[in-house]
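For reference, the structure is listed below as structure tokens.
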Amino acid sequence: MTVEKLIEDTSVNLLRQAVVELPTDVSKALERAYKVETSEAGRVQLEAILKDIDLAKKYNVPLCQDTGVIIFYVKAGVKAPGLGMIEASLQNATRRATKEIPLRPNTVDPFTQKNVGDNTGRYIPYINWELTQGDAIEITAFPKGGGSENVCNLGMLTPGEGVKGLKKFVVDSVIRAGAMPCPPTIVGVATGGGADIAMKLAKATLLRPLDQPNPDPQLAKLEKELYDAANATGIGPMGLGGKITVLGVKIDYAHRHPASYPVAVAFQCWASRRATARINSNGTVDYLTHKVF
Ligand code: SF4
């Protein structure tokens, strides 16, 4: 099999895994949420979500009708074979997955509203590249739902507002988002860099599993503080009131210009879909988040 075909087949599998079955850390967090939620309306929503997760798995179908905009995160080993083929392979994989799974075709031209029909388009699927050492290629499929995307928020704060300003901005963003991102959500927060860098980091931090604490103890503490504050809003599952509005808060940062203080808040809905595999240079594939199905 050519490297191009191997990348394509692996990526179709990843898209299928991502849309059909949530990663364990997310499904476990939703089960825990159901156990601790006390609001009746919130419990009904969580029960429906858990049932939906079971049915999707049982019938091998997407767990949400909104299959999102397809995003990939690629860690490309500089010595890996087939680097030049990755982009074309991911486009082919997106077209095939749209037909074979099937996925709802979502990509439309922003000016003409014409739907491409296969989830591809200008810059889409979007690929986040990272060069790594070695000869392996690690690919994460990350279909990003529209409801949670619509409430992502970027604030260009003034540096004098400090961490207090960041906390206020994050909690205000959660309140402003309300029911729209299909809570319980995962909230990615990033500061520093510039407007684009902060939002890129905020989104990428959504890839960190919920059971993986921030390696920086100060940031881990801030994540817990923001998690408690977001859940104190009472927005609850699907915005119908309750204790569980967010499943987790993830924080990252870059150093910044002394005069700039961007704070980005990226939302991920309960359907927090991601699937990762590593393609080794000998042609073997290790699926890192799901079993092959
Ligand atoms: S925001 Fe997420 S859960 Fe809600 S409709 Fe979109 S993909 Fe589905």
Side-chain angles (χ1 to χ4, degrees), residues 1-19 23 25 68-97 107 119-144 188-209 211-216 219 250-257 262 264 266 268 272-292:
M1 188 188 290
T2 61
V3 188
E4 195 175 356
K5 184 80 171 73
L6 180 64
I7 298 170
E8 182 184 317
D9 287 354
T10 307
S11 304
V12 173
N13 288 341
L14 287 175
L15 284 168
R16 188 184 301 277
Q17 291 169 358
V19 300
D25 60 291
V69 163
I70 308 299
I71 296 173
F72 289 101
Y73 286 83
V74 178
K75 290 184 185 173
V78 286
K79 294 187 189 133
L83 288 185
M85 308 291 179
I86 296 178
E87 196 168 341
S89 297
L90 295 180
Q91 280 169 357
N92 286 339
T94 302
R95 283 190 195 100
R96 260 182 61 197
T107 45
N119 278 314
T120 67
R122 185 168 157 84
Y123 297 127
I124 305 294
Y126 191 78
I127 306 171
N128 293 278
W129 292 98
E130 184 184 333
L131 286 179
T132 56
Q133 293 307 314
D135 55 10
I137 300 168
E138 191 179 298
I139 300 176
T140 297
F142 185 76
K144 183 67 174 65
V189 178
T191 182
D196 57 336
I197 298 167
M199 189 52 86
K200 237 177 171 357
L201 292 176
K203 215 168 212 181
T205 199
L206 297 170
L207 298 175
R208 179 154 54 87
D211 50 10
Q212 210 176 89
N214 197 308
D216 179 332
L219 293 185
K250 302 285 171 192
I251 302 179
D252 201 358
Y253 71 98
H255 283 72
R256 62 172 172 80
H257 186 286
Q268 178 62 299
S272 177
R273 298 160 293 189
R274 57 181 157 78
T276 305
R278 185 176 48 238
I279 302 172
N280 303 303
S281 59
N282 63 3
T284 57
V285 179
D286 299 317
Y287 287 93
L288 304 179
T289 50
H290 294 69
K291 291 199 187 84
V292 190

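Not measured: the values here are computed from a predicted model. Only heavy atoms go into these numbers, but all of them, side chains included; no hydrogens, no water, no symmetry mates.
Arg16 and Asn13 share no donor-acceptor pair across their side chains, judged by distance under 3.5 Å alone. A donor-acceptor pair shorter than 3.5 Å can be found between the side chains of Ser281 and Asp135.
The shortest non-hydrogen separation linking Glu4 to Ser89 is O-OG, 3.0 Å. For the pair Pro262 and Thr191, the tightest heavy-atom approach, listed with the atom from each and the gap, is O-OG1, 2.8 Å. Here the shortest heavy-atom pairing between Thr289 and Ala275 reads OG1-CA, 3.2 Å. When all heavy atoms of Pro125 and Thr120 are compared, the pair lying nearest together is CD-CG2, 4.2 Å. Between Ala202 and Ala190, the shortest heavy-atom contact is N-CB, 3.4 Å. In terms of heavy-atom proximity, Gly192 sits nearest to Arg256 at CA-CB, 3.7 Å.
Going from atom CD1 of Ile137 over to atom NZ of Lys79 covers 14.5 Å, rounded to the nearest 0.5 Å. Taking OG1 from Thr10 and CD from Gln17, the interatomic distance works out to 9.5 Å, rounded to the nearest 0.5 Å. Taking CG of Leu90 as the reference point, atom CG of Asn92 lies at 9.0 Å (rounded to 0.5 Å). Ile127 CD1 to Ile70 CD1: the interatomic distance, rounded to the nearest 0.5 Å, is 12.0 Å. Distance check, rounded to the nearest 0.5 Å: CD of Glu8 to OG1 of Thr2 gives 8.5 Å. A distance of 9.5 Å separates CD1 of Ile279 from CG of Asp9, quoted to the nearest 0.5 Å.
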### Query
Do Ile7 and Ile139 pass the side-chain contact (heavy atoms from CB on, under 4.5 Å) test, and can you show the C-alpha distance, the side-chain angles, and the key distance before you say yes or no?
CA-CA 9 Å; Ile7 298 170; Ile139 300 176; 3.8 Å; yes
### Task
For side-chain contact (heavy atoms from CB on, under 4.5 Å), just list the numbers for Tyr73 and Lys203, CA-CA rounded to whole Å, side-chain angles, deciding distance to a tenth of an Å, and then say yes or no.
CA-CA 11 Å; Tyr73 286 83; Lys203 215 168 212 181; 4.0 Å; yes
### Task
Just do the side-chain contact (heavy atoms from CB on, under 4.5 Å) check on Ser272 and Leu206 with the steps written out, would you?
CA-CA 9 Å; Ser272 177; Leu206 297 170; 6.0 Å; no
### Query
Going through the checks in order, is the side-chain contact (heavy atoms from CB on, under 4.5 Å) test met by Thr94 and Gln91?
CA-CA 5 Å; Thr94 302; Gln91 280 169 357; 5.7 Å; no
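Side-chain atoms of Thr140 never come within 3.5 Å of backbone atoms of Thr276 as a donor-acceptor pair (strictly under, hydrogens ignored). The closest donor-acceptor contact from the side chain of Asn280 to the backbone of Asn282 lies at 3.5 Å or more, if one exists at all.
By the side-chain hydrogen bond (donor to acceptor under 3.5 Å, both in side chains) test, Asn214 pairs with Glu223, sequence neighbours left out. The side-chain hydrogen bond (donor to acceptor under 3.5 Å, both in side chains) test applied to Lys144 returns Ser148, Glu149, not counting sequence neighbours. Contacts of Arg274 classified as salt bridge (Lys or Arg N to Asp or Glu O under 4.0 Å), with partners at least two apart in sequence or in another chain: Asp25.
Within a 6.0 Å radius of OH in Tyr253, no more than 12 heavy atoms belonging to other residues, nucleotides or ligands are found.
Val78 pairs with exactly one of Leu83, Leu131, Thr132 by the side chain to side chain contact (heavy atoms under 4.5 Å, CB included) rule, that one being Leu131. Checked options Leu15, Asn128, Ile86; the residue passing with Phe72 is Leu15 (criterion: side chain to side chain contact (heavy atoms under 4.5 Å, CB included)).
The closest side-chain heavy-atom distance from Asp286 to Arg278 is below 4.5 Å. Counting heavy atoms from C-beta outward, Thr205 and Val189 have side chains that stay 4.5 Å or more apart.
One finds no salt bridge joining Asp252 and Arg208 here, because no Lys/Arg side-chain nitrogen approaches an Asp/Glu carboxylate oxygen to under 4.0 Å. Under a 4.0 Å N-O distance rule, the pair Asp196/Lys200 does not qualify as a salt bridge.
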